[in-house]
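The sequence lines fix the lettering, A, B, ..., with proteins before strands; numbering per chain opens at 1. Basis for what follows: all heavy atoms, side chains included, without hydrogens, waters or symmetry-related copies.
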There are 2 protein chains.
Amino acid sequence: MKNRHLLQHYKLKATPQRIAIIKLMEYSGHISIDDLFKEIREKFTSISLATLYKNIHTMISVSLIREVKIPGQKAKYEIEKVPHAHILCKTCGELKDISFDPITLVEDTVKSSDYRVDEVSIMISGICPNCK
Amino acid sequence: MKNRHLLQHYKLKATPQRIAIIKLMEYSGHISIDDLFKEIREKFTSISLATLYKNIHTMISVSLIREVKIPGQKAKYEIEKVPHAHILCKTCGELKDISFDPITLVEDTVKSSDYRVDEVSIMISGICPNCK
DNA sequence: GTATTTGCAAATGATTTGCAGTGCT
DNA sequence: AGCACTGCAAATCATTTGCAAATAC
């Protein structure tokens with residue numbers, strides 16, 4: 001119900017496929033195209049990869065979702081929410097959010113550069129407590 | 001001369017193709033596969049993309065170079081050097097280094113997470129002074 | 001009713017692989 | 001000499017496109 005309105009807010013039609021995509025992103029936090037495809041097929045046996053790609057692109061273009069590029073693996077996608085950083089376990093591959101605002105973190109350092117800073121993305125890699 | 005030893009230090013054979021790859025990375029700072037291919041063809045007219053891909057991978061695997069994933073464009077490659085952050089102009093596409101150590105920056109925040117942090121990569125996007 | 005979206009199949013683009021020949025040490 | 005590397009062609013994998021039918025609003 002909420003997701004239907006989220007889509008409408010961005011002037012996108014609330015198709016069941018799109019609602020399912022958003023639901024899966026909410027549920028998983030971050031999801032790759034391939035996993036999205038596998039999962040979503042359970043409900044929509046006939047959905048096509050082309051539809052996923054098209055929807056991912058339109059949702060990115062309105063900033064409803066965001067692409068997270070990950071060292072050594074394919075990108076994942078997440079719903080846009082409050083700014084945060086990512087931490088990746090190089091052993092198990094799990095990607096998690098870390099809550100702090102990347103922009104304020106680099107603010108001072110970048111101030112002198114004379115750039116207009118719009119976005120700061122931070123990817124931390126290491127080994128998670130479980131894999132240590 | 002220096003690059004030949006750099007390769008040998010990582011137990012890789014110092015082929016002219018590899019030396020040229022390193023030279024171009026040093027010269028450009030960050031370079032994409034396609035630009036690398038275009039540039040390197042001027043000297044090695046018969047070099048193949050496959051060779052570039054293979055070499056990029058072997059050099060990454062020994063940490064001689066590093067892949068920089070960039071929002072909205074194909075990855076670029078750079079020689080491993082002192083830790084630094086990247087700043088990207090979304091208008092002209094130029095990618096530059098910013099010199100500060102990302103690890104110390106997030107150190108405090110991550111301390112409580114119980115991860116072993118190996119690497120922190122920071123990508124800042126915005127508009128550069130020229131494009132403003 | 002109209003414009004958008006879907007799903008298919010085909011086209012394109014990017015990367016990887018196998019292998020015979022070559023070159024580094 | 002021996003093993004690693006190169007370059008080619010083919011194979012694989014990822015993403016995009018065109019289009020007719022279906023669907024949201």
Query - A:T15 vs C:dT5: side-chain N/O to OP1/OP2 distance below 4.0 Å - result: no

Query raised in the report: Atom CD1 of B:I56 and atom P of C:dA14: how far apart are they, to the nearest Å?
Result: 15 Å

Query raised in the report: Which whole-number value in Å describes the distance from A:I47 CD1 to D:dA22 P?
Result: 17 Å

Query raised in the report: Side-chain N or O of A:Q17 less than 4.0 angstrom from OP1 or OP2 on D:dT23?
Result: no

Query - Integer-rounded Å distance: C:dT22 P and B:F44 CZ - result: 17 Å

Query raised in the report: At what distance, to the nearest 0.5 angstrom, does OH of B:Y115 lie from CG of A:N130?
Result: 8.5 Å

Query raised in the report: Can you check whether A:R4 has a side-chain N or O nearer than 4.0 Å to OP1 or OP2 of D:dC25?
Result: yes

Query - Between C1' of D:dA14 and CD of A:E67, the distance in whole Å - result: 13 Å

Query raised in the report: With nearest nucleotides of DNA chain C determined for B:D34 and B:Q8 from heavy-atom distances, which residue corresponds to the more 5′ nucleotide?
Result: B:D34

Query - Rounded distance (Å) that lies between atom P of C:dA9 and atom CG of A:L49 - result: 13 Å

Query raised in the report: Just to confirm, is there a sub-4.0 Å distance from OP1 or OP2 of D:dC5 to any side-chain nitrogen or oxygen of B:N55?
Result: no

Query raised in the report: Which nucleotide in the list D:dA9, C:dT6, D:dA4 gets nearest to the side chain of B:K13?
Result: D:dA4

Query raised in the report: Does B:R18 have a side-chain nitrogen or oxygen under 4.0 Å from the phosphate oxygens OP1 or OP2 of C:dG23?
Result: no

**Report entry** For atom CG of B:L7 and atom C1' of C:dT25, their distance in whole Å
**Finding:** 14 Å

Query raised in the report: Does A:K132 pair with B:D114 as a salt bridge, N-O distance under 4.0 Å?
Result: yes

Query raised in the report: With respect to the phosphate group of D:dC8, does any side-chain polar atom (N or O) of B:S48 fall under 4.0 Å of OP1 or OP2?
Result: no

Query raised in the report: What's the closest nucleotide to the B:A14 side chain, out of C:dT25, C:dT16, D:dG7?
Result: C:dT25

Report summary line: Closest to the side chain of B:L12, out of D:dC5, C:dT6, D:dT6, is D:dC5

Requested in this report: Have a look at A:S46 and say if it touches a base, only the backbone sugar-phosphate, or nothing, with a 4.0 Å heavy-atom cut-off.
Outcome: sugar-phosphate

Query raised in the report: Are OP1 or OP2 of D:dT15 and a side-chain N or O of A:H57 less than 4.0 angstrom apart?
Result: no

Query raised in the report: Considering only D:dC19, D:dT15, D:dC8, which nucleotide approaches the side chain of A:K54 most closely?
Result: D:dC19

Query raised in the report: In whole angstroms, how far is the C1' atom of C:dC24 from the OH atom of B:Y10?
Result: 20 Å

Query raised in the report: Start at the 5' end of DNA chain C and walk down; is the nucleotide closest to B:P16 or to B:I33 reached first?
Result: B:I33

Query - Other residues, nucleotides, ligands: >12 heavy atoms within 6.0 Å of B:K81 NZ - result: yes

Query raised in the report: Whole Å only: how far is the CD1 atom of A:I60 from the P atom of D:dT15?
Result: 11 Å

Query - Ring geometry between A:H30 and A:H84 (parallel below 30°, tilted from 30 to 60°, perpendicular above 60°) - result: tilted

Report summary line: Taken to the nearest 0.5 Å, the spacing of B:S46 OG from B:R41 CZ works out to 8.0 Å

Query raised in the report: Any Lys/Arg nitrogen of A:E119 or A:R66 sitting under 4.0 Å from an Asp/Glu carboxylate oxygen of the other?
Result: yes

